[in-house]
Amino acid sequence: MNTPVISLTAARALHLAAQGLLTPIKRKAKPDDVVAAIQRMGLLQIDTISVVARSPYLVLFSRLGDYQPEWLEQALAGRQLFEYWAHEACFLPIEDFGLLRHRMLQPQEMGWKYSEEWVQEHRTAIDALLQHIEACGPVRSADFSAEKKGNSGWWDWKPEKRHLEILFTAGKLMVAERRNFHRVYDLTERLMPHWDDDRHVLAADHARHEMLKRTCRFLGIFKAEWLADYYRLKRVAPKALLAGLQQQGEVLPVLIDGLDGEFYVHHSLAEELHLAEQGKLKSSVTTLLSPFDPVVWDRRRALELFDFDYRLECYTPKEKRQYGYFTLPVLQRGELIGRIDAKMHRRQGIFEIISFHPQTKVRFGKQRMQDIRQAITRSAKWHGANQVILGDIPAPLATEWREGWEVE
């Protein structure tokens with residue numbers, strides 16, 4: 001059987017199809033779509049930066065369009081989702097609890113997220129905190145007062161906050177809900193009453209194998225070197241796994257015109273692969289992506305597949321930033337064509353485009369300008385803005401758009 005040969009454009013479209021970004025949703029979103037989107041991606045990374053909508057909300061908006069952000073919290077409180085360390089801190093489908101449980105039971109392997117030394121030093125206080133939650137119910141970090149404030153992150157957390165985080169990493173506590181995006185912790189045994197580690201937990205090797213296998217589906221098209229990053233796996237051998245999956249027909253080898261390396265497509269995209277071979281698979285989505293979107297969070301993968309070298313600069317000193325504090329990659333019909341540094345001024349109802357940096361050689365024809373303007377308008381409207389104002393943008397856009405527009 002001949003190995004399919006597809007174009008780079010088609011390869012990008014296959015990845016976007018797997019991620020739910022091939023075509024815009026054609027109906028009004030509903031609450032169940034939030035969980036379905038997370039199941040399709042496998043996980044939804046959490047970040048608290050709020051210069052625009054917080055990242056998990058923005059990732060969902062890119063796929064669902066106009067939806068209600070509170071649906072995410074409702075799904076968490078309704079036990080359709082849970083939180084844990086996956087790629088980083090993530091929302092995950094509740095049916096995947098067993099996939100991550102081995103990490104909770106071996107927290108000493110979780111690096112900075114867990115400290116056995118801290119546990120031993122504060123054993124009495126930690127036990128008392130667990131007893132308090134058992135007797136009195138869920139707690140927030142905010143329920144405890146801080147004796148002092150610092151500015152160096154983890155090490156300046158009040159002790160109770162660190163106790164809660166360590167108990168969360170060790171799987172003794174779970175996030176029962178979020179209030180104003182703040183975690184509310186409760187006992188895992190209370191939130192998962194039917195779970196039994198002795199009967200249900202997956203061995204670590206089995207779980208890692210399953211994570212790699214699932215990542216093949218989440219990426220859609222991939223090479224072996226891209227798999228481990230999705231769940232931040234170490235000590236894995238994806239090539240051996242792929243040999244077995246290929247033999248079983250779960251992944252199909254493909255060649256990408258213009259890219260070197262051994263690529264595979266997940267069997268769930270067999271129909272899309274057939275269209276890709278014929279040059280008929282194209283993405284029609286234009287949207288602003290979160291910096292923590294799975295499409296761009298792996299810098300090497302985004303560079304190889306989209307020729308897009310993306311790095312989040314919010315942790316870079318202002319004077320050393322090249323593009324801006326929290327730039328949003330611009331996805332336009334299968335290409336990453338640039339990045340927008342945006343800010344939502346909530347009190348004034350203004351969505352500000354501070355700057356727009358297009359990729360080299362990007363040209364602004366009528367269709368592209370229309371696509372980008374519509375994507376900005378949709379995002380601004382969803383953010384609750386009634387006006388878009390423009391800062392440092394490319395000359396063709398400034399000529400066409402002037403200083404901005406009203407959001408209808």
Side-chain angles (χ1 to χ4, degrees), residues 15-49 52-101 103-104 168 174-178 181 183-184 191-192 195 202 207 210-220 222 227 229-233 266 268-269 285 287-298 301 329 331 379 382:
H15 175 57
L16 295 173
Q19 283 285 316
L21 287 165
L22 187 67
T23 57
I25 189 169
K26 293 182 172 64
R27 56 171 174 76
K28 190 171 183 178
K30 56 184 186 295
D32 287 348
D33 292 326
V34 167
V35 176
I38 296 172
Q39 289 170 333
R40 187 168 192 166
M41 293 181 287
L43 41 80
L44 178 62
Q45 187 172 344
I46 302 168
D47 188 81
T48 59
I49 295 172
V52 290
R54 289 187 175 95
S55 177
Y57 303 126
L58 192 57
V59 171
L60 292 170
F61 172 74
S62 297
R63 289 154 175 80
L64 304 180
D66 186 16
Y67 80 103
Q68 301 301 311
E70 58 265 27
W71 293 346
L72 178 60
E73 278 83 0
Q74 290 168 3
L76 177 66
R79 307 289 175 266
Q80 293 176 281
L81 304 173
F82 76 104
E83 292 187 32
Y84 198 65
W85 302 103
H87 180 77
E88 287 294 337
C90 291
F91 295 106
L92 300 113
I94 192 64
E95 58 267 22
D96 289 353
F97 181 80
L99 199 64
L100 280 300
R101 184 62 175 166
R103 290 182 176 178
M104 304 176 196
F168 168 77
M174 290 178 68
V175 179
E177 60 177 311
R178 280 183 177 257
F181 211 69
R183 284 171 165 175
V184 179
L191 298 181
M192 300 285 291
W195 179 266
L202 294 179
E210 185 64 25
M211 288 180 198
L212 288 172
K213 184 177 174 181
R214 294 185 188 197
T215 300
C216 297
R217 172 163 52 90
F218 303 145
L219 293 179
F222 55 90
L227 295 179
D229 176 73
Y230 212 83
Y231 284 95
R232 293 288 168 87
L233 296 173
H266 191 259
S268 61
L269 293 177
V285 169
T287 191
L288 309 182
L289 298 179
S290 162
F292 301 101
D293 195 292
V295 173
V296 295
W297 73 30
D298 184 333
R301 170 162 50 85
L331 176 68
S379 184
W382 175 69

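Aromatic ring centres of W297 and F292: separated by at least 6.0 Å.
Under 3.5 Å, the side chains of Q39 and E95 contain a donor-acceptor pair of N or O atoms.
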For side chain to side chain contact (heavy atoms under 4.5 Å, CB included), just list the numbers for V295 and L331, CA-CA rounded to whole Å, side-chain angles, deciding distance to a tenth of an Å, and then say yes or no.
-> CA-CA 10 Å; V295 173; L331 176 68; 5.7 Å; no
Report the C-alpha separation of Q68 and Q74 in whole Å, then their side-chain angles, then the decisive distance to 0.1 Å, and conclude whether the side chain to side chain contact (heavy atoms under 4.5 Å, CB included) test is met.
-> CA-CA 10 Å; Q68 301 301 311; Q74 290 168 3; over 6 Å; no
Go through M211 and L233 one step at a time and tell me if the side chain to side chain contact (heavy atoms under 4.5 Å, CB included) criterion holds.
-> CA-CA 9 Å; M211 288 180 198; L233 296 173; 3.5 Å; yes
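Between L289 and D293, the shortest heavy-atom distance links the atoms CD2-OD2, 3.7 Å. The two residues A86 and L92 have their closest heavy-atom pair at CB-CD2, 3.8 Å. Across all their heavy atoms, S62 and L21 have their closest contact at O-CD2, 3.4 Å. Taking every heavy atom of both residues into account, L72 and P56 meet most closely at CD2-CB, 4.0 Å. What you find for P294 and Q19 is that their closest heavy atoms are CB-OE1, 3.4 Å. Scanning both residues, R217 and S268, for their nearest heavy atoms gives CG-OG, 4.2 Å.
Judged by the 6.0 Å and 45° rule, R40 forms no cation-pi pair with F218.
Put simply, the side chain of H266 never gets that close to the backbone of G220: no donor and acceptor are under 3.5 Å apart. Listed for the H87 side chain is no donor-acceptor partner under 3.5 Å among the backbone atoms of Q45. Not a single donor-acceptor pair under 3.5 Å links the side chain of W382 to the backbone N or O of F61.
Annotation: salt bridge (Lys or Arg N to Asp or Glu O under 4.0 Å) contacts of E210 (sequence neighbours excluded): R214. Residues meeting the salt bridge (Lys or Arg N to Asp or Glu O under 4.0 Å) test with R79, sequence neighbours left out: none. E70 pairs by the salt bridge (Lys or Arg N to Asp or Glu O under 4.0 Å) definition with nothing, not counting sequence neighbours. Remark: W71 pairs with no residue by the ring-ring contact (aromatic ring centres under 6.0 Å, His included) rule, at least two apart or across chains. Y231 meets the ring-ring contact (aromatic ring centres under 6.0 Å, His included) test with no other residue; sequence neighbours excluded. Taking the ring-ring contact (aromatic ring centres under 6.0 Å, His included) definition, one finds that Y57 meets it with F181, sequence neighbours left out. In terms of the side-chain hydrogen bond (donor to acceptor under 3.5 Å, both in side chains) criterion, residue partners of S55 (sequence neighbours excluded) are, by chain and number, S290. With sequence neighbours excluded, the residues forming a side-chain hydrogen bond (donor to acceptor under 3.5 Å, both in side chains) with E88 are R232, listed by chain and number. For R178, the salt bridge (Lys or Arg N to Asp or Glu O under 4.0 Å) criterion is met by E83, not counting sequence neighbours. Under the side-chain hydrogen bond (donor to acceptor under 3.5 Å, both in side chains) criterion, E177 pairs with R179, sequence neighbours left out. Every ring-ring contact (aromatic ring centres under 6.0 Å, His included) that F97 has, sequence neighbours left out, goes to F82, W195.
Looking at heavy atoms from C-beta onward, V35 lies out of side-chain contact with P93 at the 4.5 angstrom threshold. Within the 4.5 Å cutoff, the side chain of C90 has no heavy atoms near those of the Y84 side chain. Taking the side chain as every heavy atom from C-beta outward, Q80 and D32 approach each other to under 4.5 Å. Contact annotation: the side chain of Y230 approaches that of L43 to within less than 4.5 Å [non-hydrogen atoms, C-beta and beyond]. Using a 4.5 Å cut-off on side-chain heavy atoms (C-beta onward), L100 and W85 make no contact. Within the 4.5 Å cutoff, side-chain heavy atoms of V34 are placed close to those of L60. No side-chain heavy atom of L81 sits less than 4.5 Å from a side-chain heavy atom of L44. Residues L202 and L99 have side chains in contact (heavy-atom distance under 4.5 Å, counting atoms from C-beta outward).
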Residues 22-31 side chain polar contacts: donor-acceptor under 3.5 Å, at least two apart:
{"residue": "R27", "atom": "NH1", "partner": "D33", "partner atom": "OD2", "Å": "2.8"}
{"residue": "R27", "atom": "NH2", "partner": "D33", "partner atom": "OD1", "Å": "2.9"}

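With rounding to the nearest 0.5 angstrom, the CG atom of L219 is 10.5 Å from the CG atom of L269.
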